[in-house]
There are 2 protein chains.
Amino acid sequence: MIILLVEDDTVLATHSINFLAQEGIEVDYASTVKQAQAISEQQQYDAIVLDINLPDGDGLSLAKLWQGTRDEPILFLSARDKLDDKLKAFSLGALDYLTKPFALAELAVRIKLLANKTLVKKSTTFKLDSLSVDLQAKIITRGQRVIILSPQQWLLLSLLIEHYPNPVNKSCIINHIWPDEDTNNNMYKSLLTRLRTNLSRDEEVPLLHTLKKQGLVLRVANA
Amino acid sequence: MIILLVEDDTVLATHSINFLAQEGIEVDYASTVKQAQAISEQQQYDAIVLDINLPDGDGLSLAKLWQGTRDEPILFLSARDKLDDKLKAFSLGALDYLTKPFALAELAVRIKLLANKTLVKKSTTFKLDSLSVDLQAKIITRGQRVIILSPQQWLLLSLLIEHYPNPVNKSCIINHIWPDEDTNNNMYKSLLTRLRTNLSRDEEVPLLHTLKKQGLVLRVANA
DNA sequence: CTATACTGTTACCTTGCGGTTACCTCTACT
DNA sequence: AGTAGAGGTAACCGCAAGGTAACAGTATAG
């Protein structure tokens, strides 16, 4: 795991680098905006730690510059705990914000957290096997076939996609689709059958599987 | 977007709920551990906000309880900023930790972050020999073979993984799987046999061993 | 007003979970 | 040895959960 640290306080930086090394985190280090830009150009990191106050600019503008071009998770450091700064940082795509002084152990934990998370590309289309779902346009296709779903079926499918690849509890589905009404197991069963027959026709691989007592899940058939 | 807030300070809770509502975040609210368990049972949230100090327990143990069974991102609140608490929280799968007092705006931003941008979490897969268990997606494989477990068997396996590499007491298992019913030793024996035959077929190394008078343990060697 | 689709309801079938029983081995103890 | 108790395996089978199809009531459109 390798990160980029941009921090002008050399004492703090040294301590951090040493501590993170113990935790198995490699660190590229820059003390100014200019340096950061130069160093970072040829490398992709697991995370970037940015101080806000820098001698030749600030971390926020650096983040703004990188917005769109770099996709590393960013954690901001700052001595100020002004709310405005925090909100601005988050609006610039920061994923975390730590106020000085902080414990190095906490920094390490938060860095690891960011590095392990894969950022969500807000992709609007979901694909599984030959199924393709455009979540915004609400267009569903299986191979060449266009699938039209009833409102309930769409609700269920999008719920499953939202939690993919994890299963969703039956009771949770029922609450989601029939928030008010009395729950009736048969309604659930019917809906399920209808969605199934719409998603998989003929020889197409079934995608909707129930794990008994555990829930419903989207996945390609398991051998 | 809907979240679960568990917080015993009703004033703070009220303010939070109102503020979050303005931000378009719906809130289910519980003030105790018991309430939280009851309310949360039939619902899946976009995020869970847990206070650490609660009248009838603490948020940490609640998180521990939910580990593996729920897949919501958890943000902890606490008046204490003791490092130990923070580290413990993160080790229990927390994705964020906010120290009181905090700005409601910051809470809202962090909640949105958790709910929107961390859909793909680090995969929590447990591996032992050729066995691989994805605790979130509930997918179990042994080598190339996909294993499907009954609800009871899944419960037992996840309990063993939770305590790995330590053995689990027999009475503890029985309490966990049959919390209410009359315990019958044969039920336990059957379950055990069934899980064994599912986990290890043919020439595969057995992984489920009982240590006499101590309990059940997952491990490779049988000595 | 007719036609169509959506959804709740009912009836019936299939599956396999899990409690039960029977029988086995192995160890510990008298 | 004999016996008791724990652990392990295999087979049986009732029954609830899951799955399907058909029907009916109610929208909604054209």
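Predicted model, so just to flag it, every value in this text is computed and none were measured. Within every chain, numbering begins at 1; the chains are lettered A, B, ... in the order of the sequence lines, protein sequences first and strands thereafter.
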Residues that Y45(A) engages under side chain to side chain donor-acceptor pair (under 3.5 Å), provided they are two or more places apart | D28(A)

Residues in ring-ring contact (aromatic ring centres under 6.0 Å, His included) with Y188(B), at least two apart?
-> none

Contacts satisfying salt bridge (charged side-chain N to carboxylate O under 4.0 Å, His left out) that involve residues 130-155 of chain A (not counting sequence neighbours) are D129(A)-R142(A), R145(A)-E204(A)

Length of the OH-C1' vector between Y188(A) and dT9(C), whole Å | 18 Å

In short, salt bridge (charged side-chain N to carboxylate O under 4.0 Å, His left out) pairs touching residues 49-58 of chain B with sequence neighbours left out are D51(B)-K100(B)

Check whether any side-chain N or O of Q153(A) sits under 3.5 Å from a backbone N or O of L149(A) as a donor-acceptor pair, and report yes or no.
-> no

Residue pairs, two or more places apart or on separate chains, that pass salt bridge (charged side-chain N to carboxylate O under 4.0 Å, His left out) and touch residues 87-98 of chain B = R110(A)-D96(B), D96(B)-R110(B)

The contact string for nucleotides 14-30 of chain C, one letter per nucleotide 5' to 3', using protein heavy atoms under 4.0 Å with B, S and - for base, sugar-phosphate only and none, comes out as --SSBBBB-----S---

For T210(A), answer base if it contacts any base atom (sugar-phosphate contacts may also be present), sugar-phosphate if it contacts only those atoms, and nothing otherwise; contact means non-hydrogen atoms under 4.0 Å.
-> sugar-phosphate

What are the bounds, 5' to 3', of the part of DNA chain D that sits under 4.0 Å from heavy atoms of chain A?
-> dA17(D) to dA22(D)

Quick one: side chain to side chain contact (heavy atoms under 4.5 Å, CB included) partners of A105(B), sequence neighbours excluded?
-> L83(A), L87(A), F19(B)

Y164(B): partners by ring-ring contact (aromatic ring centres under 6.0 Å, His included), with sequence neighbours left out | F126(B)

